[in-house]
Amino acid sequence: MMSSTQSPQKNVLAQSDPQTLLRIRHTCAHILAMAVQTLFPETKVTIGPWTETGFYYDFDRPTAFTPENLEKIEAEMRRIIRANLPIIREVVERDDIKAEIAALQEPYKQEILDSIPADEPITRYFIGSPDAGFTSHPEVEPSLIDPVTVPPTAVWWDLCAGPHLNSTKEIHPKAFALESVAGAYWRGDETRPQLQRIYGTAWETPEQLKAYLKQKEEAKRRDHRKLGQELELFSIQEDAGGGLVFWHPKGARMRLLIEDYWRSAHLAAGYDLLYTPHVANLELWKTSGHVDFYRENMFDPIEIESQEYQLKPMNCPFHVLTYQNRLHSYRELPLRWAELGTVYRYERSGVLHGLMRVRGFTQDDAHIFCLPEQVAQEILGVLNLTEKILSDFGFPEYEVNLSTRPAKSVGTDDIWQLATDALVEALNTKGWDYVTDEGGGAFYGPKIDIKIKDAIGRLWQCSTIQVDFNLPERFDMNYVAADGSRQRPIMIHRAIFGSLERFFGILVENYAGLFPLWLAPVQIRLLPVSDAQRSYAETVAQQFQEQGFRVEVDASGDRLGKQIRTAELEKIPVIGVVGKREVEQQTLSVRVPGGKAMPTRQAGDLGALPLSDLLEKMQVAIAHKSLF
RNA sequence: GCCCGUGUAGCUCAGUGGUAGAGCGCACCCUUGGUAAGGGUGAGGUCACGAGUUCAACUCUCGUCACGGGCUCCA
């Protein structure tokens, strides 16, 4: 992380002591399971860890939990909390506990017990005193339990490494909430039984819970799927199929601006641009290894004149073919080739999500072919370009990961060492802190991943820089070295946005739809107070247009109040009111959206400005790539 | 793909075993209005799609597709 600015909401949440929070959440998970087994005794327990915002617990039960069930469970949890039950840790003997679990008929717990290594201590945690003498699973019809009159006297325990609170009362009954039910596979393995996961959130204080819920609300308000529809940026249509994006005029305008910027930035950084086909002979994908390693993510091949063609899921083999078209000298390297390449990948229907996960998308891809001794310098160049581009789009903060050689990999020790050292050297020269993910690299080379931080503190992985020893080998790429010998070039894959669609979605959420002036599809809208000012408004619009601005005149004939409301809802960055006074004084009364349209920003009435002043102010905002 | 939920007008959503409603938007008319909704009239729907049950299905059942919350995977 490079620097740190935090929103006020985040600070409230950050006040908690992580250790305390962890115990609260872990204990909440246990209380949840206790409540569920009290109300639904036939339910089998599995695991219930804490999460970044709360906790969950996975249950096995033949019937699904309903939202009404969740309310009852939550009430039962409050009852347990208010009862101030002690939480007691006990170290147990494996054989003893095994027998107890068997008696309770908890197959998942049995499996967990069996997976605990022999040399590790086995602990369980009681809720309620074990001396109370009640069984863990009261033989009571759930419908007979009255949450008000029947006290939670039952003792419940779970096999668990801890840690936990000392008493249920240390949880504030108004600082937790159950959130949702979802399917989840036992041990995350889809060949194993599907369980029901109940999610909850838990905090130290009710204020923190409130702040969390508010932030959740804020994320919902920024949802790119909602804003994309409201602002007419894009759509995904059932008639065409899931995961396929239609860019509407306003979204397409923004994409054009993004692409133009991207091309200029790359040309300025010494890249050349490529265009390559969308399909190619399947043989190419066999050579590249994608058919062996990536088939499950590829569309099925298309047969044409008894040849099989493959819709491309990646651009790299095309760039390699471009390189292979003739022999290259070491004097030409590095070659930096970039392409906005549209790829198609088969994604399972359940994973599609707005623009964030689609089946057809455009990568801002580039491949650098270079000499071994150029790698560090090239990586540094990529880091510099990445920082320049991301910060121009309003993302100046990053979290950086370096992933090193995994157990299963291709390439010699020497080449891995060289490449990994080069990545580290580049990061150090750049002065970026990073976290090393040992063994987290691709089988074909080490990589750097960059996550950007958005306006409400969420991290998104966009950029990736990967060294590849595999493709040059598979395609037998080489260059002629100074001594006339043939040598293998190093190949670097890199993307800065990752996917244009996804990055666009992140942009929408980051700016909540109110874009910086240089990206806004409509930069200024002129609102005539009455029809009498329409022709003046048209004349002024003409002048804006001549200066290269994206301008509109509101032609609705609505009253001013309504026109302003419409413009604010559409998040037009600059609103220019034209009435009698403005016509006489040759000015515009300028207003910028805020308030209901943009709660984080004051609605601003900038008063009457001479045209030239406004033009200049707007030009400055564009030059700074800032909000107006 | 799997689990749960959803699918009704361009959008956001009510609704019922007897062939459909609101608000916004749109069109037209009146109003020419000064910083977040002026008034009126009207058009607009094979109730996602396909089967089945029924005298009768938008409603019940099954299947398909899409979307949402997750699992897994990932840009």
Side-chain angles (χ1 to χ4, degrees), chain A residues 56 58 61 63-67 69 179-199 220 223 225-226 229-230 232 235-244 294 296-297 313-314 341 343 345-365 449 460-464 493 495-506 527-534 556-570 575-582 589-597 603-608:
Chain A
Y56 65 81
D58 288 346
R61 176 167 179 256
T63 45
F65 290 113
T66 65
N69 289 159
E179 295 186 288
S180 60
V181 193
Y185 297 103
W186 171 232
R187 304 234 144 152
D189 181 346
E190 66 184 37
T191 63
R192 312 210 52 187
Q194 182 143 24
L195 309 169
Q196 293 185 64
R197 175 170 298 178
I198 297 180
Y199 279 94
K220 212 169 149 191
D223 192 316
R225 295 166 298 185
K226 181 171 163 272
Q229 169 72 33
E230 287 173 5
E232 298 188 295
S235 66
I236 292 169
Q237 308 212 20
E238 193 172 342
D239 290 341
L244 302 169
Y294 204 71
E296 69 277 14
N297 274 301
M314 294 192 187
V343 298
R345 297 182 183 175
Y346 167 68
E347 296 287 358
R348 307 202 290 180
S349 55
V351 306
L352 301 175
H353 181 88
L355 295 179
M356 300 303 181
R357 192 73 180 276
V358 294
R359 284 180 175 155
F361 62 98
T362 301
Q363 289 183 311
D364 67 319
D365 214 353
D449 291 320
W460 303 92
Q461 202 218 297
C462 293
S463 314
T464 182
H493 308 251
I496 293 172
F497 299 140
S499 142
L500 275 187
E501 284 75 4
R502 184 165 179 275
F503 187 75
F504 183 70
I506 294 166
L527 314 184
V529 174
S530 79
D531 285 348
Q533 288 84 42
R534 178 148 307 152
S556 66
D558 289 330
R559 286 188 148 81
L560 182 62
K562 183 58 187 295
Q563 291 185 53
I564 285 178
R565 178 180 153 82
T566 306
E568 294 244 353
L569 289 175
E570 290 181 28
I575 299 167
V577 173
V578 186
K580 214 183 269 179
R581 290 197 296 275
E582 288 77 12
S589 285
V590 178
R591 176 183 163 119
V592 297
K596 287 178 218 160
D605 189 347
L606 307 189

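Naming: A, B, ... by sequence-line order, numbering from 1 per chain.
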**OP:** Measure distances between side-chain N and O atoms of A:Tyr185 and base N and O atoms of B:C3, and say whether any donor-acceptor pair falls under 3.5 Å.
**Re:** no
Original post:
Taking atom C1' of B:C47 as reference, at what distance in whole Å does atom CD of A:Glu238 sit?
Top reply: 14 Å
Original post:
Does a nitrogen or oxygen in the side chain of A:His353 sit under 4.0 Å from OP1 or OP2 of B:G69?
Top reply: yes
**OP:** Describe the nucleic acid contact of A:Leu527 in one word from base, sugar-phosphate, nothing, applying a heavy-atom distance below 4.0 Å.
**Re:** nothing
Subject >> Which nucleotide in B:G34, B:A37, B:C73 has an atom nearest any side-chain atom of A:Arg565 >> reply: B:A37
Original post:
Out of B:U32, B:A75, B:C2, which has the shortest distance to the side chain of A:Ser530?
Top reply: B:U32
Original post:
Does A:Phe361 lie flat on the base of B:A75, that is, centres under 5.5 Å apart and planes under 30° off?
Top reply: yes
**OP:** Specify the residue among A:Gln237 and A:Ile564 whose closest nucleotide of RNA chain B lies further upstream toward the 5′ end.
**Re:** A:Ile564
Subject >> Side-chain donor/acceptor of A:Arg348 to base of B:U72, under 3.5 Å >> reply: yes
**OP:** Figure out the CG/P separation between A:Asp58 and B:C71, and round it to whole Å.
**Re:** 10 Å
Original post:
Which one, B:G1, B:G68, B:G33, comes nearest to the side chain of A:Arg225?
Top reply: B:G68
**OP:** Would you classify A:Val343 as touching base, sugar-phosphate or nothing, given that sugar-phosphate means primed atoms plus P, OP1 and OP2, and contacts are heavy atoms under 4.0 Å?
**Re:** nothing
Subject >> Earlier contact from the 5' end, RNA chain B, for A:Gly557 and A:Ile236 >> reply: A:Gly557
**OP:** May I ask you to check whether over 12 heavy atoms, not counting those of A:Glu230, lie within 6.0 Å of atom CD?
**Re:** yes
Original post:
Touch check for A:Glu570, heavy atoms < 4.0 angstrom, all strands: base, sugar-phosphate only, or nothing?
Top reply: nothing
Original post:
Checking all strands, does A:Gly350 fall into the base, sugar-phosphate, or nothing category for heavy-atom contacts under 4.0 angstrom?
Top reply: base
**OP:** Could you tell me the separation between the NE2 atom of A:His353 and the CZ atom of A:Arg502, rounded to the nearest 0.5 Å?
**Re:** 10.0 Å
**OP:** Calculate the interatomic distance between A:Glu190 atom CD and B:U72 atom C1'; express it in whole Å.
**Re:** 6 Å
Original post:
Do any side-chain nitrogens or oxygens of A:Ser349 fall under 4.0 Å of OP1 or OP2 in B:G1?
Top reply: yes
Original post:
Between A:Tyr346 and B:C73, does any side-chain N or O lie under 4.0 Å from OP1 or OP2?
Top reply: no
**OP:** May I have the step-by-step check of side-chain hydrogen bond (donor to acceptor under 3.5 Å, both in side chains) for A:Ser530 and A:Gln533, ending in yes or no?
**Re:** CA-CA 6 Å; A:Ser530 79; A:Gln533 288 84 42; 3.0 Å; yes
Subject >> Bracket notation of RNA chain B in which parentheses pair within the strand, [ ] cross earlier pairs, and | pairs with another strand (Watson-Crick or G-U, under 3.5 Å) >> reply: (((((((..((((....[..)))).(((((.......))))).....(((((..]....))))))))))))....
Original post:
With a cut-off of under 6.0 Å to the ring centre and 45° to the axis, is A:Arg192 in cation-pi contact with A:Tyr185?
Top reply: no
Original post:
Charged N to carboxylate O below 4.0 Å: is that the case for A:Arg591 and A:Asp605?
Top reply: no
**OP:** Please report, rounded to the nearest Å, how far the P atom of B:G10 is from the CD atom of A:Glu230.
**Re:** 18 Å
**OP:** Take atom C1' in B:C13 and the same atom in B:U8, then report the distance between them in whole Å.
**Re:** 9 Å
Original post:
Using a cut-off of 4.0 Å on non-hydrogen atoms, how would the nucleic acid contact of A:Gly354 be classed: base, sugar-phosphate, or nothing?
Top reply: sugar-phosphate
**OP:** Decide yes or no, distance alone: a donor-acceptor N/O pair under 3.5 angstrom between the base of B:A75 and the side-chain of A:Arg502.
**Re:** no
Original post:
What is the nucleic acid contact for A:Glu501, judged by heavy atoms within less than 4.0 Å: base, sugar-phosphate only, or nothing?
Top reply: nothing
Original post:
What nucleic acid atoms does A:Gln363 come within less than 4.0 Å of, heavy atoms only: base, sugar-phosphate, or nothing?
Top reply: nothing
Original post:
Looking only at N and O atoms, is any donor in the side chain of A:Glu568 or the base of B:A37 less than 3.5 Å from an acceptor on the other one?
Top reply: no
Original post:
Checking all strands, does A:Thr566 fall into the base, sugar-phosphate, or nothing category for heavy-atom contacts under 4.0 angstrom?
Top reply: nothing
**OP:** Establish, with yes or no, whether the OP1 or OP2 oxygen of B:C67 is under 4.0 angstrom from a side-chain nitrogen or oxygen of A:Lys226.
**Re:** no
Original post:
For A:Gly607, which contact category applies under a 4.0 Å heavy-atom criterion: base, sugar-phosphate, or nothing?
Top reply: nothing
Original post:
Hey, does A:Tyr199 reach any base, or is it just sugar-phosphate, or nothing, if we go heavy atoms under 4.0 Å?
Top reply: sugar-phosphate
Original post:
Could a donor-acceptor pair under 3.5 angstrom be found where the side chain of A:Glu582 meets the base of B:G34?
Top reply: yes
Original post:
Checking all strands, does A:Gly579 fall into the base, sugar-phosphate, or nothing category for heavy-atom contacts under 4.0 angstrom?
Top reply: base
Subject >> Test log, rule side-chain hydrogen bond (donor to acceptor under 3.5 Å, both in side chains), inputs A:Ser499 and A:Gln363 >> reply: CA-CA 5 Å; A:Ser499 142; A:Gln363 289 183 311; over 6 Å; no
**OP:** Answer yes or no: does a side-chain N or O of A:Arg591 lie under 4.0 Å from OP1 or OP2 of B:A36?
**Re:** yes
**OP:** Round to a whole Å and report the spacing from CZ of A:Arg559 to P of B:G39.
**Re:** 9 Å
**OP:** Report which part of the nucleic acid A:Arg197 touches: base, sugar-phosphate, or nothing (heavy-atom distance under 4.0 Å, all strands).
**Re:** sugar-phosphate
Original post:
What's the closest nucleotide to the A:Lys562 side chain, out of B:G33, B:G38, B:G34?
Top reply: B:G38
Original post:
Looking only at atom C1', what distance separates B:C47 and B:A14, rounded to whole Å?
Top reply: 13 Å
